[in-house]
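The structure appears right after this line, and notes come after that.
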Amino acid sequence: MKDHIEQTTSLWMATEEIPLRAKLSRNVEADVCVVGAGIAGMTTAYLLASRGNSVVLIDDGPLAGGQSQRTTAHLTNALDDRYFELEKVHGVEGSRLAADSHSQAIDRIESIIISEGIDCDFQRIDGYLFTLPGESPRMLEKELAAAHRAGLNGVEIVPNAPQPSLQTGACLKFPRQGQFHPLKYFMGLGRAIEKCGGRIYCQTHVKSVEGGDTGRVTTEDRYTVTAKDIVIATNVPINNLLAIHTKQAPYLTYAIGATVPRGSVAPGLYWDTLDPYHYIRLQSNSDATDTLIIGGEDHKAGQVRDQQEHWQRLESWARQHFPLITTIDYQWSGMVMETTDGLE
Ligand SMILES: Cc1cc2nc3c(=O)[nH]c(=O)nc-3n(C[C@H](O)[C@H](O)[C@H](O)COP(=O)(O)OP(=O)(O)OC[C@H]3O[C@@H](n4cnc5c(N)ncnc54)[C@H](O)[C@@H]3O)c2cc1C
(Lines give C-alpha, C1' and ligand atoms only; values in the text may rest on other atoms or scores of the structure.)
Protein backbone atom coordinates (compact mmCIF):
# COMPACT_ATOMS: atom_id res chain seq x y z
CA MET A 1 0.00 0.00 0.00
CA LYS A 2 2.92 2.32 0.80
CA ASP A 3 4.10 1.86 -2.81
CA HIS A 4 0.75 3.05 -4.19
CA ILE A 5 0.98 6.17 -2.05
CA GLU A 6 4.52 6.84 -3.16
CA GLN A 7 3.48 6.75 -6.82
CA THR A 8 1.24 9.79 -6.38
CA THR A 9 2.41 13.39 -6.41
CA SER A 10 0.84 16.09 -4.26
CA LEU A 11 0.37 19.67 -5.40
CA TRP A 12 3.24 20.62 -3.07
CA MET A 13 5.63 18.00 -4.48
CA ALA A 14 4.82 19.23 -8.00
CA THR A 15 5.56 22.86 -7.16
CA GLU A 16 8.54 22.77 -4.76
CA GLU A 17 11.56 20.54 -4.30
CA ILE A 18 13.67 20.61 -1.17
CA PRO A 19 17.38 20.06 -1.84
CA LEU A 20 18.70 16.80 -0.39
CA ARG A 21 21.20 16.78 2.45
CA ALA A 22 24.18 14.43 2.62
CA LYS A 23 24.06 10.93 4.11
CA LEU A 24 25.57 10.36 7.54
CA SER A 25 29.01 8.91 6.78
CA ARG A 26 30.83 9.01 10.15
CA ASN A 27 30.06 8.66 13.85
CA VAL A 28 28.83 11.90 15.45
CA GLU A 29 27.74 13.23 18.85
CA ALA A 30 25.00 15.66 19.79
CA ASP A 31 22.89 16.79 22.74
CA VAL A 32 19.81 15.50 20.94
CA CYS A 33 19.30 13.19 17.96
CA VAL A 34 15.93 13.57 16.24
CA VAL A 35 14.91 10.70 13.95
CA GLY A 36 12.33 11.64 11.28
CA ALA A 37 12.22 14.91 9.37
CA GLY A 38 8.48 15.48 8.93
CA ILE A 39 6.65 18.34 10.59
CA ALA A 40 7.08 16.75 14.04
CA GLY A 41 10.82 16.09 13.78
CA MET A 42 11.75 19.29 11.97
CA THR A 43 9.81 21.44 14.44
CA THR A 44 11.42 19.62 17.38
CA ALA A 45 14.90 19.98 15.85
CA TYR A 46 14.33 23.69 15.18
CA LEU A 47 13.02 24.47 18.67
CA LEU A 48 15.91 22.60 20.33
CA ALA A 49 18.61 24.04 18.05
CA SER A 50 17.27 27.58 18.40
CA ARG A 51 17.65 27.23 22.20
CA GLY A 52 21.34 26.39 21.87
CA ASN A 53 21.25 22.57 21.91
CA SER A 54 23.46 20.69 19.48
CA VAL A 55 21.05 18.71 17.31
CA VAL A 56 21.39 15.98 14.69
CA LEU A 57 18.30 15.38 12.53
CA ILE A 58 18.18 12.17 10.47
CA ASP A 59 15.75 10.95 7.84
CA ASP A 60 15.91 8.00 5.49
CA GLY A 61 14.38 10.02 2.63
CA PRO A 62 14.57 13.68 1.72
CA LEU A 63 13.37 16.35 4.17
CA ALA A 64 9.60 16.14 4.69
CA GLY A 65 9.47 13.14 2.37
CA GLY A 66 6.90 11.26 4.49
CA GLN A 67 3.26 12.18 5.04
CA SER A 68 4.16 15.85 5.59
CA GLN A 69 4.55 16.35 1.83
CA ARG A 70 1.08 14.83 1.25
CA THR A 71 -0.92 16.86 3.76
CA THR A 72 -3.52 19.38 2.63
CA ALA A 73 -2.09 21.65 5.35
CA HIS A 74 -5.17 22.88 7.17
CA LEU A 75 -3.76 24.27 10.44
CA THR A 76 -6.69 24.03 12.79
CA ASN A 77 -8.00 23.95 16.31
CA ALA A 78 -11.26 22.47 14.98
CA LEU A 79 -10.74 18.80 15.76
CA ASP A 80 -12.06 15.94 13.60
CA ASP A 81 -13.41 13.95 16.52
CA ARG A 82 -15.49 16.88 17.90
CA TYR A 83 -15.04 18.54 21.26
CA PHE A 84 -18.25 17.06 22.71
CA GLU A 85 -16.82 13.57 22.02
CA LEU A 86 -13.34 14.42 23.37
CA GLU A 87 -14.94 15.66 26.59
CA LYS A 88 -16.44 12.20 27.16
CA VAL A 89 -12.98 10.62 27.04
CA HIS A 90 -10.72 13.34 28.47
CA GLY A 91 -13.10 15.55 30.49
CA VAL A 92 -13.44 19.31 30.02
CA GLU A 93 -9.87 19.86 31.24
CA GLY A 94 -8.48 17.45 28.61
CA SER A 95 -10.56 19.04 25.90
CA ARG A 96 -9.26 22.52 26.94
CA LEU A 97 -5.71 21.20 26.70
CA ALA A 98 -6.39 19.84 23.20
CA ALA A 99 -7.88 23.15 22.05
CA ASP A 100 -5.09 25.16 23.60
CA SER A 101 -2.29 22.99 22.19
CA HIS A 102 -3.74 23.15 18.66
CA SER A 103 -4.20 26.94 18.90
CA GLN A 104 -0.65 27.31 20.16
CA ALA A 105 0.66 25.11 17.35
CA ILE A 106 -0.82 27.48 14.76
CA ASP A 107 0.61 30.47 16.66
CA ARG A 108 4.00 28.76 16.83
CA ILE A 109 4.11 28.07 13.10
CA GLU A 110 3.15 31.68 12.44
CA SER A 111 5.85 33.00 14.78
CA ILE A 112 8.53 30.75 13.20
CA ILE A 113 7.49 31.96 9.74
CA ILE A 114 7.81 35.58 10.85
CA SER A 115 11.04 35.25 12.81
CA GLU A 116 12.78 33.14 10.16
CA GLY A 117 11.32 35.08 7.21
CA ILE A 118 9.89 31.95 5.55
CA ASP A 119 7.92 32.71 2.38
CA CYS A 120 5.34 29.89 2.34
CA ASP A 121 1.95 31.43 1.49
CA PHE A 122 0.89 31.31 5.17
CA GLN A 123 -2.54 32.80 5.77
CA ARG A 124 -4.84 33.09 8.75
CA ILE A 125 -8.21 31.98 7.49
CA ASP A 126 -11.59 31.03 8.97
CA GLY A 127 -12.80 27.43 8.98
CA TYR A 128 -16.41 26.27 8.53
CA LEU A 129 -17.93 23.00 9.73
CA PHE A 130 -21.22 22.33 7.96
CA THR A 131 -23.79 19.57 8.20
CA LEU A 132 -25.34 17.57 5.36
CA PRO A 133 -28.75 18.46 3.90
CA GLY A 134 -31.46 17.12 6.22
CA GLU A 135 -29.07 16.61 9.13
CA SER A 136 -30.25 18.05 12.47
CA PRO A 137 -28.47 21.28 13.53
CA ARG A 138 -28.32 19.80 17.05
CA MET A 139 -24.78 18.50 16.41
CA LEU A 140 -23.53 22.00 15.63
CA GLU A 141 -25.14 23.39 18.78
CA LYS A 142 -23.52 20.64 20.89
CA GLU A 143 -20.14 21.29 19.28
CA LEU A 144 -20.49 25.05 19.77
CA ALA A 145 -21.16 24.61 23.49
CA ALA A 146 -18.29 22.10 23.88
CA ALA A 147 -15.87 24.35 21.91
CA HIS A 148 -16.72 27.23 24.26
CA ARG A 149 -16.15 25.00 27.30
CA ALA A 150 -12.77 24.12 25.73
CA GLY A 151 -11.92 27.82 25.71
CA LEU A 152 -12.53 28.52 22.00
CA ASN A 153 -14.79 31.47 22.70
CA GLY A 154 -14.57 32.89 19.17
CA VAL A 155 -16.36 29.89 17.65
CA GLU A 156 -19.87 30.86 16.51
CA ILE A 157 -22.81 29.69 14.44
CA VAL A 158 -23.15 31.74 11.24
CA PRO A 159 -26.12 31.61 8.81
CA ASN A 160 -23.98 30.40 5.87
CA ALA A 161 -20.37 29.66 4.94
CA PRO A 162 -19.03 32.24 2.46
CA GLN A 163 -19.04 29.78 -0.48
CA PRO A 164 -22.64 29.85 -1.83
CA SER A 165 -22.29 26.71 -4.00
CA LEU A 166 -21.80 24.61 -0.86
CA GLN A 167 -25.29 25.61 0.35
CA THR A 168 -24.21 24.98 3.90
CA GLY A 169 -27.03 26.76 5.71
CA ALA A 170 -26.21 27.48 9.35
CA CYS A 171 -22.69 26.26 10.11
CA LEU A 172 -19.98 26.56 12.73
CA LYS A 173 -17.24 29.13 12.14
CA PHE A 174 -13.80 28.54 13.71
CA PRO A 175 -11.93 31.85 13.39
CA ARG A 176 -8.21 32.33 12.70
CA GLN A 177 -7.24 28.88 11.50
CA GLY A 178 -4.27 28.67 9.13
CA GLN A 179 -3.01 27.31 5.82
CA PHE A 180 0.35 27.30 4.04
CA HIS A 181 2.41 25.61 1.34
CA PRO A 182 4.00 22.88 3.45
CA LEU A 183 7.08 22.22 1.32
CA LYS A 184 7.94 25.92 1.08
CA TYR A 185 7.66 26.01 4.87
CA PHE A 186 9.88 22.93 5.35
CA MET A 187 12.45 24.35 2.94
CA GLY A 188 12.70 27.45 5.18
CA LEU A 189 12.61 25.42 8.38
CA GLY A 190 15.50 23.24 7.17
CA ARG A 191 17.59 26.36 6.50
CA ALA A 192 16.65 27.75 9.94
CA ILE A 193 17.72 24.52 11.70
CA GLU A 194 21.10 24.68 9.96
CA LYS A 195 21.46 28.40 10.71
CA CYS A 196 21.14 27.49 14.42
CA GLY A 197 23.91 24.89 14.05
CA GLY A 198 21.68 21.84 13.59
CA ARG A 199 23.10 19.07 11.38
CA ILE A 200 20.72 17.36 8.96
CA TYR A 201 21.37 14.01 7.27
CA CYS A 202 19.08 12.57 4.58
CA GLN A 203 18.85 9.10 3.00
CA THR A 204 20.09 7.69 6.29
CA HIS A 205 17.98 4.81 7.55
CA VAL A 206 17.98 4.26 11.31
CA LYS A 207 18.23 0.60 12.20
CA SER A 208 18.31 0.64 15.99
CA VAL A 209 17.85 2.96 18.94
CA GLU A 210 19.31 2.37 22.39
CA GLY A 211 18.28 4.44 25.42
CA GLY A 212 20.02 4.84 28.78
CA ASP A 213 22.19 7.64 30.20
CA THR A 214 23.80 8.02 26.82
CA GLY A 215 21.59 7.09 23.93
CA ARG A 216 22.75 5.66 20.65
CA VAL A 217 21.19 5.64 17.21
CA THR A 218 22.70 3.23 14.69
CA THR A 219 22.16 3.60 10.97
CA GLU A 220 21.91 0.97 8.27
CA ASP A 221 25.49 1.85 7.22
CA ARG A 222 26.59 1.16 10.84
CA TYR A 223 27.36 4.76 11.74
CA THR A 224 26.24 5.97 15.16
CA VAL A 225 24.88 9.15 16.70
CA THR A 226 25.61 9.31 20.42
CA ALA A 227 23.27 11.71 22.22
CA LYS A 228 21.99 12.56 25.70
CA ASP A 229 18.45 12.48 24.35
CA ILE A 230 16.78 10.89 21.34
CA VAL A 231 13.46 11.96 19.84
CA ILE A 232 11.68 9.47 17.60
CA ALA A 233 9.47 11.45 15.21
CA THR A 234 8.86 8.80 12.55
CA ASN A 235 5.05 9.16 12.57
CA VAL A 236 4.80 5.50 13.61
CA PRO A 237 7.43 4.66 16.27
CA ILE A 238 10.40 2.56 15.14
CA ASN A 239 11.82 1.97 18.62
CA ASN A 240 8.82 0.65 20.52
CA LEU A 241 6.61 -1.68 18.54
CA LEU A 242 3.94 -2.21 21.19
CA ALA A 243 2.97 0.83 23.24
CA ILE A 244 1.74 3.06 20.41
CA HIS A 245 1.19 0.57 17.56
CA THR A 246 -1.69 -1.04 19.47
CA LYS A 247 -3.38 2.35 19.93
CA GLN A 248 -3.39 3.58 16.34
CA ALA A 249 -4.76 2.43 12.98
CA PRO A 250 -3.54 3.47 9.52
CA TYR A 251 -6.12 5.01 7.18
CA LEU A 252 -5.64 6.04 3.58
CA THR A 253 -6.96 9.43 2.61
CA TYR A 254 -7.27 10.93 -0.88
CA ALA A 255 -6.94 14.42 -2.32
CA ILE A 256 -7.43 16.14 -5.65
CA GLY A 257 -6.34 19.58 -6.87
CA ALA A 258 -8.65 21.29 -9.39
CA THR A 259 -8.22 24.54 -11.26
CA VAL A 260 -10.87 27.22 -10.70
CA PRO A 261 -10.91 30.85 -11.91
CA ARG A 262 -9.27 33.18 -9.37
CA GLY A 263 -11.87 34.52 -6.94
CA SER A 264 -14.60 32.03 -7.90
CA VAL A 265 -14.31 30.16 -4.58
CA ALA A 266 -14.40 32.10 -1.32
CA PRO A 267 -11.22 31.58 0.74
CA GLY A 268 -11.80 29.37 3.77
CA LEU A 269 -11.25 25.93 5.18
CA TYR A 270 -14.42 23.85 4.80
CA TRP A 271 -15.33 20.52 6.37
CA ASP A 272 -18.59 18.59 6.06
CA THR A 273 -19.90 15.96 8.49
CA LEU A 274 -20.04 13.04 6.11
CA ASP A 275 -18.24 9.93 7.37
CA PRO A 276 -15.59 9.99 5.95
CA TYR A 277 -15.78 13.76 5.65
CA HIS A 278 -14.60 16.13 2.90
CA TYR A 279 -11.95 18.76 3.64
CA ILE A 280 -11.51 21.71 1.31
CA ARG A 281 -9.19 24.68 0.85
CA LEU A 282 -7.68 26.88 -1.87
CA GLN A 283 -4.13 27.52 -3.00
CA SER A 284 -3.35 30.50 -5.26
CA ASN A 285 -1.45 29.91 -8.50
CA SER A 286 0.86 32.36 -10.22
CA ASP A 287 -1.62 32.88 -13.11
CA ALA A 288 -5.24 34.05 -12.80
CA THR A 289 -6.38 30.77 -11.25
CA ASP A 290 -6.60 29.03 -7.90
CA THR A 291 -6.20 25.36 -7.12
CA LEU A 292 -9.12 24.01 -5.15
CA ILE A 293 -7.95 21.16 -2.94
CA ILE A 294 -10.53 18.60 -1.88
CA GLY A 295 -9.71 15.65 0.33
CA GLY A 296 -11.67 12.76 1.80
CA GLU A 297 -12.73 9.20 0.94
CA ASP A 298 -10.70 7.79 3.86
CA HIS A 299 -10.67 4.07 4.56
CA LYS A 300 -8.65 1.68 6.66
CA ALA A 301 -5.38 0.73 4.94
CA GLY A 302 -5.44 -2.59 3.13
CA GLN A 303 -9.24 -2.72 2.73
CA VAL A 304 -9.56 -1.33 -0.78
CA ARG A 305 -8.13 -2.47 -4.12
CA ASP A 306 -9.20 0.20 -6.59
CA GLN A 307 -7.88 3.55 -5.41
CA GLN A 308 -8.97 5.19 -8.68
CA GLU A 309 -12.61 4.89 -7.61
CA HIS A 310 -11.90 7.08 -4.59
CA TRP A 311 -10.44 9.89 -6.69
CA GLN A 312 -13.36 9.57 -9.12
CA ARG A 313 -15.86 9.94 -6.28
CA LEU A 314 -13.95 12.97 -4.99
CA GLU A 315 -14.01 14.49 -8.48
CA SER A 316 -17.74 14.01 -8.96
CA TRP A 317 -18.44 15.49 -5.50
CA ALA A 318 -16.15 18.38 -6.35
CA ARG A 319 -17.78 19.07 -9.74
CA GLN A 320 -21.24 18.93 -8.17
CA HIS A 321 -20.35 21.49 -5.49
CA PHE A 322 -17.93 23.68 -7.49
CA PRO A 323 -19.31 23.92 -11.06
CA LEU A 324 -16.56 26.33 -12.18
CA ILE A 325 -13.84 23.66 -11.98
CA THR A 326 -12.04 23.53 -15.32
CA THR A 327 -9.48 20.73 -14.94
CA ILE A 328 -8.35 18.21 -12.33
CA ASP A 329 -4.58 18.65 -12.19
CA TYR A 330 -3.45 16.65 -9.17
CA GLN A 331 -4.53 13.51 -7.40
CA TRP A 332 -2.68 12.01 -4.50
CA SER A 333 -3.13 9.91 -1.40
CA GLY A 334 -1.39 9.35 1.89
CA MET A 335 -1.62 7.67 5.25
CA VAL A 336 -3.19 9.11 8.37
CA MET A 337 -2.70 7.40 11.72
CA GLU A 338 -5.97 7.41 13.68
CA THR A 339 -5.44 7.10 17.42
CA THR A 340 -7.82 5.60 19.96
CA ASP A 341 -7.77 8.78 22.09
CA GLY A 342 -9.35 10.87 19.29
CA LEU A 343 -6.44 13.31 19.33
CA GLU A 344 -4.74 12.34 16.07
C1 LIG B 1 -3.87 13.62 2.03
C2 LIG B 1 -3.55 14.03 3.47
C3 LIG B 1 -4.11 15.19 3.96
C4 LIG B 1 -3.83 15.60 5.27
N5 LIG B 1 -4.34 16.79 5.70
C6 LIG B 1 -4.00 17.25 6.92
C7 LIG B 1 -4.40 18.55 7.33
O8 LIG B 1 -5.08 19.26 6.58
N9 LIG B 1 -4.03 18.98 8.57
C10 LIG B 1 -3.27 18.19 9.39
O11 LIG B 1 -2.95 18.64 10.51
N12 LIG B 1 -2.85 16.97 9.03
C13 LIG B 1 -3.17 16.49 7.81
N14 LIG B 1 -2.72 15.26 7.40
C15 LIG B 1 -1.91 14.47 8.34
C16 LIG B 1 -0.47 14.99 8.36
O17 LIG B 1 0.03 15.04 7.04
C18 LIG B 1 0.40 14.08 9.21
O19 LIG B 1 -0.21 13.90 10.48
C20 LIG B 1 1.78 14.67 9.44
O21 LIG B 1 2.38 15.06 8.21
C22 LIG B 1 2.67 13.65 10.14
O23 LIG B 1 3.92 14.26 10.34
P24 LIG B 1 5.11 13.46 11.04
O25 LIG B 1 6.24 14.38 11.14
O26 LIG B 1 4.59 12.83 12.29
O27 LIG B 1 5.38 12.24 10.05
P28 LIG B 1 6.03 12.20 8.57
O29 LIG B 1 5.83 13.46 7.82
O30 LIG B 1 5.55 10.94 7.93
O31 LIG B 1 7.59 12.12 8.89
C32 LIG B 1 8.19 10.95 9.41
C33 LIG B 1 9.56 10.84 8.80
O34 LIG B 1 10.25 9.78 9.45
C35 LIG B 1 11.10 9.18 8.48
N36 LIG B 1 11.47 7.82 8.94
C37 LIG B 1 10.63 6.80 9.22
N38 LIG B 1 11.32 5.74 9.62
C39 LIG B 1 12.63 6.08 9.59
C40 LIG B 1 13.84 5.39 9.88
N41 LIG B 1 13.86 4.11 10.31
N42 LIG B 1 15.02 6.06 9.73
C43 LIG B 1 15.03 7.34 9.31
N44 LIG B 1 13.91 8.04 9.02
C45 LIG B 1 12.72 7.41 9.16
C46 LIG B 1 10.27 9.19 7.20
O47 LIG B 1 11.10 9.12 6.04
C48 LIG B 1 9.54 10.52 7.31
O49 LIG B 1 10.20 11.57 6.60
C50 LIG B 1 -2.99 14.80 6.11
C51 LIG B 1 -2.43 13.63 5.60
C52 LIG B 1 -2.70 13.25 4.29
C53 LIG B 1 -2.06 12.02 3.77
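This chain uses plain numbering: 1 for the first residue, then up along the sequence. Atoms within each ligand, like the ligands themselves, are counted from 1 in listed order.
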Distance under 4.0 Å to a non-hydrogen atom of [X]: what atoms of ligand 1 satisfy this?
X: H205; result: 40 (C), 41 (N), 42 (N)
X: G36; result: 33 (C), 34 (O), 35 (C)
X: T253; result: 1 (C), 2 (C), 52 (C), 53 (C)
X: V206; result: 40 (C), 41 (N), 42 (N), 43 (C)
X: V336; result: 51 (C)

Practice task
Report the distance from atom OG of S95 to atom CG of D81, rounding to the nearest 0.5 Å.
Solution key: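 Going from the OG atom of S95 to the CG atom of D81 covers 12.0 Å.
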
Handout entry: Between CZ on residue R124 and CD on residue Q179, distance to nearest 0.5 Å
Key =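 If we round to the nearest 0.5 Å, R124:CZ and Q179:CD are 12.0 Å apart.
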
Problem - Under-4.0 Å salt bridge between R216 and E210 - result: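 Here R216 pairs with E210 in a salt bridge, since their nearest N and O are under 4.0 Å apart.
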
Practice task
Answer side chain, backbone, both or neither: which part of T76 comes under 4.0 Å from ligand 1, heavy atoms only.
Solution key: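 No part of T76 is near ligand 1 at this cut-off.
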
Exercise for the section: Answer side chain, backbone, both or neither: which part of A73 comes under 4.0 Å from ligand 1, heavy atoms only. Expected result: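 Only the backbone of A73 comes within reach of ligand 1.
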
Does ligand 1 have any atom sitting under 4.0 Å from a heavy atom of [X]?
X: T219; answer: no
X: Y254; answer: no
X: A233; answer: yes

Problem - Heavy-atom nearest neighbour of atom 20 (C) of ligand 1 within options G178, S68, G334 - result: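 The option holding the nearest heavy atom is S68.
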
Handout entry: Closest to atom 43 (C) of ligand 1 among L269, D60, L252 (heavy-atom distance)
Key =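 Result: the heavy atom closest to atom 43 (C) of ligand 1 is in D60.
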
Problem - Any protein heavy atom < 4.0 Å from atom 25 (O) of ligand 1 - result: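 Yes; the ligand atom in question has protein heavy-atom contact below 4.0 Å.
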
So is [X] polar-close to ligand 1, meaning N/O to N/O under 3.5 Å?
X: W332; result: no
X: G41; result: no
X: A40; result: yes

For [atom], what's the nearest protein heavy-atom neighbour? Residue, atom name and distance, please.
atom: atom 3 (C) of ligand 1; value: T72 N, 3.4 Å
atom: atom 13 (C) of ligand 1; value: T71 OG1, 3.3 Å
atom: atom 47 (O) of ligand 1; value: D59 OD1, 2.7 Å

Exercise for the section: Take atom CD of E135 as the centre, draw a 6.0 Å sphere, and report whether it contains more than 12 heavy atoms from other residues, nucleotides or ligands. Expected result: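 Counting other residues, nucleotides and ligands, CD of E135 exceeds 12 neighbours.
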
